[in-house]
Amino acid sequence: MGLYLLDYGAGNVQSLANSLSKLGHSFEWISSPADFRKATSLIFPGVGAFETAVENLTKKGLLEPLREYLQSGKPYFGICIGMQVLFQSSAESPNFYGLGIVPTTIDRFDDSDKTVPHIGWNSADLVQTPDVGPAFYYFVHSYCAKYSPTDRPEAASWTYTTTQYGGEIFISSVRKGNVFGTQFHPEKSGAAGLALIDNWLRTPEAERSAGISKSVSLPLPTVSLKSRDNLSKRIIACMDVRSDDDGNLIVTKGDQYDVREKVSSGSSMQVKTGGAVRNLGKPVTLASKYYAAGADEICLLNITSFRHSPLQDQPMLAVVRAAAKYVFVPLTIGGGIKDTVDPDGTKRSALEVASEYFRAGADKVSIGSDAVYAAEKLLASGQNHGDGTSSIATIAHAYGRQAVVVSIDPRRVYVDAITYNGPHKDELVHGSPESILESDRGKSWWYACTVSGGRETRSISVCQLARAVEVLGAGEILVNSIDRDGTGLGFDPDLLRLVKGSVKVPVVASSGAGKKEHFSEVFEQTGVEAALAAGIFHRGEVDIGEVKEHLTHNNIKVRTYVA
Ligand code: 1PR
């Protein structure tokens, strides 16, 4: 079979390639317009911004051959932007036109009742075969085709599945004749997504061209949950990666960011830090293990990347490449995403560094220190918009804001609430006298941002940072806490409520998980979209499955994992 993949040069096409290899399908890449004629099946795994996709396809002379291919009746499967490009246009890039095959437009989600982007696992409800219910797939997008058979009857005949997010129902997949397209990412949707791809590819070409319903029926039907927002809370397993003292890349875990073993010092037997770097396992082995255990996302953070240039970071790229072969849920990579200069003097922009990671198989990049500097620059400028040059802005422009996570490393700054007259007075948190943590009782503090893995505290507050990075183009905010990291005391709800109340983008809680109840507490108390943990999983104290069972028991929606 002549299966070809279309890569317009931006976005993580490696994930789809890895899915196909895992499923045992061989394929070629479309490298020139002539390849379209050789293809007997085509998948376009478009990731990124609408404008980037259309512009790149046009520049490479691939847009018109793609249109001809679609008109030829040969099977086509478009993913995300690969589906959106079939539409007339997108509000994301008003000056660019799509192929206009599906006769309606793509619009932005309304963020008045929900966070945007829509990130996470949601159901796809079949329209054309209503007796079959939903399976859960991974979505990550800010723009969608609104479903409205009365206002937009022209798109109705194309609608294969719909999905509800907040009060809006949108078209989550289209299908007609030889054309199939999904807004969600089957290549990142675990077993359900792999089954969908395999199902489509194993159906005879003649049937896929004719669009016979059984050919692309969605797997894993359960019950019909039509017209319900099924977006589930995500559980993320995080691995802090660095070299041990012998130069091997390992997963480590700190206590309040200190990753070295405690050692006894001299005759006083005083316990001090400074021993060997704690070794909790190998990054790829652990990533595969957490995928198999049902993690909704995997996060790999290169925690000492601020010391190195990207060239010396090649081992981390190799880790990402290897992990992406086993992990079919989203993979976020952080550490060192910034403008750098190679030892030979070659300048490498943050966008180039991020692109390397996307090509290796990352789905999102997470920016730490550089986001703090960019936010400080924005605040100093007095403007309410950036100049488009920050790492956040350049990566969001090329790959879409949903691919850019900002990872914050805040630390509490304790003050005397009665006499304090310094900055961020309006953000002071006052520890309740009844707080379960004795250390919080009667105290007051604000949250300062830090850079270089907590080594340097800055004067910018966590709320200032969150608001600024959202303006600059961040699609999600990962909120760590140096005070809670590795303590097992639970997430910091005061910190998370502050950030959640400052932005419209999804917020991920991190640091402090010590038991499964901490996960239900953080979702109930703060409304965050996802919770990340490290130590509790590395040490095998609680299994991801147990966390999800506990959440389900507490009526918190999660993706139930089907191997
Ligand atoms: O500044 O863009 O190079 O990014 C560096 C990245 O590395 C940032 O995302 C920063 O959070 C992370 N980082 C730097 N130093 C450390 C360290 O631990 N010494 N790790 C570090 C941050 C926090 C979480 C951890 C949670 C959950 N670790 O990643 O996984 O706190 O832990 P727990 O569940 O065990 O409590 P840049």
Side-chain angles (χ1 to χ4, degrees), residues 235-243 250-260 273 277-278 280 283 286 290 295 297-310 313 316 332-340 350 353-354 357 364-375 390-392 395 404-411 449-456 458 462 465 469 474 476-492 495-496 508-516 518-519 522 530-542 544 547:
I235 302 300
I236 303 174
C238 180
M239 278 151 283
D240 290 353
V241 180
R242 63 162 285 170
S243 302
I250 54 162
V251 173
T252 189
K253 184 69 219 60
D255 293 332
Q256 302 184 309
Y257 285 35
D258 182 355
V259 297
R260 289 192 177 269
T273 184
V277 174
R278 268 190 215 125
L280 289 150
L286 283 182
Y290 296 142
E297 245 175 87
I298 304 284
C299 187
L300 287 163
L301 298 176
N302 183 352
I303 66 168
T304 51
S305 58
F306 62 92
R307 294 179 185 154
H308 307 294
S309 76
D313 260 357
M316 189 62 181
T332 301
I333 308 303
I337 311 290
K338 59 183 177 186
D339 292 346
T340 54
V353 177
Y357 281 114
K364 306 188 220 180
V365 289
S366 143
I367 306 176
S369 309
D370 209 44
V372 178
Y373 301 132
S390 69
S391 50
I392 300 172
I395 300 168
V404 183
V405 182
V406 163
S407 165
I408 318 185
D409 300 312
R411 161 179 282 134
C449 293
T450 66
V451 292
S452 304
R455 286 166 183 81
E456 191 190 325
R458 311 287 291 190
V462 76
L465 180 93
V469 299
E476 189 166 52
I477 300 184
L478 164 59
V479 187
N480 302 296
S481 155
I482 297 181
D483 306 281
R484 291 292 171 95
D485 174 57
T487 61
L489 293 171
F491 299 94
D492 184 341
L495 168 64
L496 293 159
V508 180
S510 165
S511 304
K515 53 183 181 180
K516 57 182 191 265
H518 287 152
F519 292 87
V522 77
L532 173 152
I536 191 175
F537 298 142
H538 300 336
R539 294 186 297 268
E541 289 161 11
V542 174
I544 294 171
V547 172

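Keep in mind the model is a prediction, meaning the values are calculated, not measured. Counting starts at 1 for both ligands and their atoms, following the listed order.
In N480, the part holding a heavy atom less than 4.0 Å from any atom of ligand 1 is the side chain. Contacts between K338 and ligand 1, counted as non-hydrogen atom pairs separated by less than 4.0 Å, are absent for every part of the residue.
Residue G336 has at least one heavy-atom neighbour below 4.0 Å for each of these atoms of ligand 1: 2 (O), 3 (O), 37 (P). Less than 4.0 angstrom separates some heavy atom of D409 from each of these atoms of ligand 1: 8 (C), 10 (C), 11 (O). Interface atoms of ligand 1 facing G335, defined by a heavy-atom separation under 4.0 Å, are 3 (O), 4 (O), 5 (C), 37 (P). Contact atoms of ligand 1 toward S407: 8 (C), 9 (O), 11 (O) (distance under 4.0 Å to a heavy atom of the residue). With ligand atoms numbered from 1 in the order given, ligand 1 contributes 1 (O), 2 (O), 37 (P) to contacts under 4.0 Å with heavy atoms of S369. The L301 neighbourhood of ligand 1 comprises atoms 9 (O), 29 (O), with distances under 4.0 Å to a heavy atom of that residue. In the vicinity of A533, heavy-atom distances shorter than 4.0 Å reach the ligand 1 atoms 34 (O). Annotation for ligand 1: atoms under 4.0 Å from non-hydrogen atoms of C238 are 29 (O), 30 (O).
Across all non-hydrogen atoms, the minimal contact from G453 to Y257 is O-CD2, 3.4 Å.
The side chain to side chain contact (heavy atoms under 4.5 Å, CB included) test with I408 singles out one residue from V462, L495, V372, and that residue is V462. Each of T304, I250, V277 was scored for a side chain to side chain contact (heavy atoms under 4.5 Å, CB included) with V259, with one residue passing: V277.
For G535, the closest heavy-atom approach to ligand 1 falls below 4.0 Å. At least one heavy atom of S510 lies less than 4.0 angstrom from ligand 1. The closest approach between a heavy atom of I536 and any atom of ligand 1 is not below 4.0 Å. Residue contacts with ligand 1 do not include D370, since none of its heavy atoms lies under 4.0 Å from the ligand.
Listed for the R411 side chain is no donor-acceptor partner under 3.5 Å among the backbone atoms of D483. Within the 3.5 Å criterion, the main-chain N or O of K253 finds a donor-acceptor partner in the side chain of R278. Between the side chain of R484 and the backbone N or O of S481, no donor-acceptor pair lies under 3.5 Å.
Distances between N or O atoms of T487 and those of ligand 1 include no value under 3.5 Å. Considering backbone and side-chain N/O atoms, A534 comes within less than 3.5 Å of an N/O atom of ligand 1. Taking distance alone, with nitrogen or oxygen atoms compared against 3.5 Å, R455 stays at or beyond that limit from ligand 1. Every N/O-N/O distance between A513 and ligand 1 stays at or above 3.5 Å. Considering both main-chain and side-chain atoms, S366 never comes within under 3.5 Å of ligand 1 through any nitrogen or oxygen pair. Checked by distance only, ligand 1 and G486 come closer than 3.5 Å through their nitrogen or oxygen atoms.
K516 is linked by a side-chain hydrogen bond (donor to acceptor under 3.5 Å, both in side chains) to nothing, counting only residues two or more places apart in sequence or in another chain. Contacts of Q256 classified as side-chain hydrogen bond (donor to acceptor under 3.5 Å, both in side chains), with partners at least two apart in sequence or in another chain: none.
Taking CG from D409 and CG from L465, the interatomic distance works out to 10.0 Å, rounded to the nearest 0.5 Å.
With 3.5 Å as the limit, one finds a donor-acceptor pair spanning the side chains of S407 and N480.
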side-chain contact (heavy atoms from CB on, under 4.5 Å) evaluation trace for S511 with D492
CA-CA 8 Å; S511 304; D492 184 341; over 6 Å; no

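Relative orientation of the Y290 and F537 rings is tilted, given thresholds of 30° and 60° on the angle between their planes.
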